[in-house]
Novice: 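Starting off with a structure, shown below.
Counting begins at 1 with the first residue of the sequence. As the structure is a computational prediction, the values presented were derived from the model and not from experiment.
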Amino acid sequence: MIAQKQIKIVVLEDSEFYNSVLTRQLENFTEEFSLLNNIHFSIQSYTHSEDCIRNLKEDVDIVFSDYYLGNSITASDILKHMKEKCSLCKFVVLSQTEDEFIIEKLLSDGAFAVLHKDKDALSKSCLVIEEILIRFHQKYSEYVIGK
């Protein structure tokens with residue numbers, strides 16, 4: 001029997017309501033995904049960037065972050081900390097900004113994706129998890145159906 005792979009996901013969203021909605025969406029998706037694959041997902045959620053940075057571990061696989069996090073902190077700041085602590089982690093930004101400069105800067109600095117916070121953002125977040133698992137199948141190949 002193959003040992004179960006654990007994928008660690010962090011959610012950083014300063015709006016308690018949206019944090020809870022996004023976390024619940026990801027939990028529901030990963031629970032279903034776990035039933036089809038030999039993968040266990042662990043999701044930690046933060047509303048304060050300082051707590052997230054302090055608790056960020058090297059073995060985190062995916063971080064979902066709002067862009068504007070209060071106290072003049074942005075996802076760009078979190079991305080810098082993330083690169084230091086968990087350099088292989090995939091960073092996904094959810095934001096209402098439509099500023100192309102900000103989006104391009106995040107992507108050029110290493111963000112995996114920038115999702116516009118609209119009515120489809122929650123479902124797109126789930127698709128990003130799937131895409132990460134498929135695109136980086138070298139690391140996860142034995143755990144993804146069809147590989």
Novice: Identify, with sequence neighbours excluded, every residue that meets side chain to side chain contact (heavy atoms under 4.5 Å, CB included) alongside E131.
Specialist: F112, R135
Novice: Can you run down the ring-ring contact (aromatic ring centres under 6.0 Å, His included) pairs that involve residues 10-31, sequence neighbours left out, and say none if there aren't any?
Specialist: F29-F33
Novice: Over all heavy atoms of both residues, which pair between F41 and S34 is shortest? Give the atoms and the distance, please.
Specialist: CD1-OG, 3.3 Å
Novice: Could you give me the CA-CA distance, side-chain angles and deciding distance for D120 and S123, then say whether side chain to side chain contact (heavy atoms under 4.5 Å, CB included) is met?
Specialist: CA-CA 6 Å; D120 298 321; S123 60; 4.2 Å; yes
Novice: Does Y68 share a hydrophobic cluster with L107, counting links as ILVMFWY side-chain heavy atoms below 4.5 Å and allowing steps through other members?
Specialist: yes
Novice: Show the numbers, then the answer: is there a side chain to side chain contact (heavy atoms under 4.5 Å, CB included) between F64 and I9?
Specialist: CA-CA 8 Å; F64 286 91; I9 300 172; 3.8 Å; yes
Novice: Do V128 and L22 belong to the same hydrophobic cluster, where Ile, Leu, Val, Met, Phe, Trp and Tyr are linked whenever their side-chain heavy atoms lie under 4.5 Å apart, directly or via other members?
Specialist: yes
Novice: Has H48 got more than 12 heavy atoms of other residues, nucleotides or ligands less than 6.0 Å from its NE2?
Specialist: no
Novice: What are the two closest non-hydrogen atoms of D118 and K124, and how far apart are they?
Specialist: OD2-NZ, 4.1 Å
Novice: Any donor-acceptor pair under 3.5 Å linking the side-chain atoms of S45 with those of N19?
Specialist: yes
Novice: Between N71 and S49, is a side chain to side chain contact (heavy atoms under 4.5 Å, CB included) present by the stated rule, with each step listed?
Specialist: CA-CA 9 Å; N71 296 332; S49 56; 5.9 Å; no
Novice: Are more than 12 heavy atoms from other residues, nucleotides or ligands located less than 6.0 Å from atom NZ of K80?
Specialist: no
Novice: Can you check whether L94 reaches Y67 side chain to side chain, under 4.5 Å on heavy atoms?
Specialist: no
Novice: Applying side-chain hydrogen bond (donor to acceptor under 3.5 Å, both in side chains), which residue pairs with at least one partner in residues 89-105 are found, sequence neighbours left out?
Specialist: K105-D109
Novice: For I53, give me all partners under side chain to side chain contact (heavy atoms under 4.5 Å, CB included), at least two apart in sequence or on another chain.
Specialist: I78, H81, K85
Novice: Taking all non-hydrogen atoms of both residues into account, name the closest pair between L79 and A111 and its distance.
Specialist: CD2-N, 4.0 Å
Novice: With sequence neighbours excluded, tell me which residues meet side chain to side chain contact (heavy atoms under 4.5 Å, CB included) with C86.
Specialist: L56, V60, M82, C89
Novice: Are any non-hydrogen side-chain atoms of V11 and Y46 less than 4.5 angstrom apart?
Specialist: no
Novice: Does any part of the side chain of D66, heavy atoms only, come nearer than 4.5 Å to the side chain of L12, both counted from C-beta?
Specialist: no
Novice: Answer yes if L26 and V63 sit in the same cluster of Ile, Leu, Val, Met, Phe, Trp and Tyr residues linked by side chain heavy atoms under 4.5 Å apart, and no otherwise.
Specialist: no
Novice: Rounded at 0.5 Å granularity, tell me how far OG in S15 sits from CG in L69.
Specialist: 11.0 Å
Novice: Should L115 and V93 be counted in the same cluster of Ile, Leu, Val, Met, Phe, Trp and Tyr side chains packed under 4.5 Å apart?
Specialist: no
Novice: Once salt bridge (Lys or Arg N to Asp or Glu O under 4.0 Å) is applied, what residue pairs with a partner in residues 49-59 remain, sequence neighbours excluded?
Specialist: K8-D59, D51-R54
Novice: First locate atom NZ of K83, then atom CG of L88, and finally report the distance between them rounded to the nearest 0.5 Å.
Specialist: 12.5 Å
Novice: Are T30 and I129 side-chain neighbours, meaning at least one heavy-atom pair lies under 4.5 Å?
Specialist: yes
Novice: For D77 and T74, indicate whether the former's side chain and the latter's backbone hold a donor-acceptor pair under 3.5 Å.
Specialist: yes
Novice: Any non-hydrogen side-chain atom of L133 less than 4.5 Å from a side-chain atom of I39?
Specialist: yes
Novice: Is there a path of hydrophobic side-chain contacts, each under 4.5 Å between heavy atoms of I/L/V/M/F/W/Y residues, joining L122 to I62?
Specialist: yes
Novice: With side chains defined as the heavy atoms from C-beta onward, is the minimum distance between S125 and V92 less than 4.5 Å?
Specialist: no
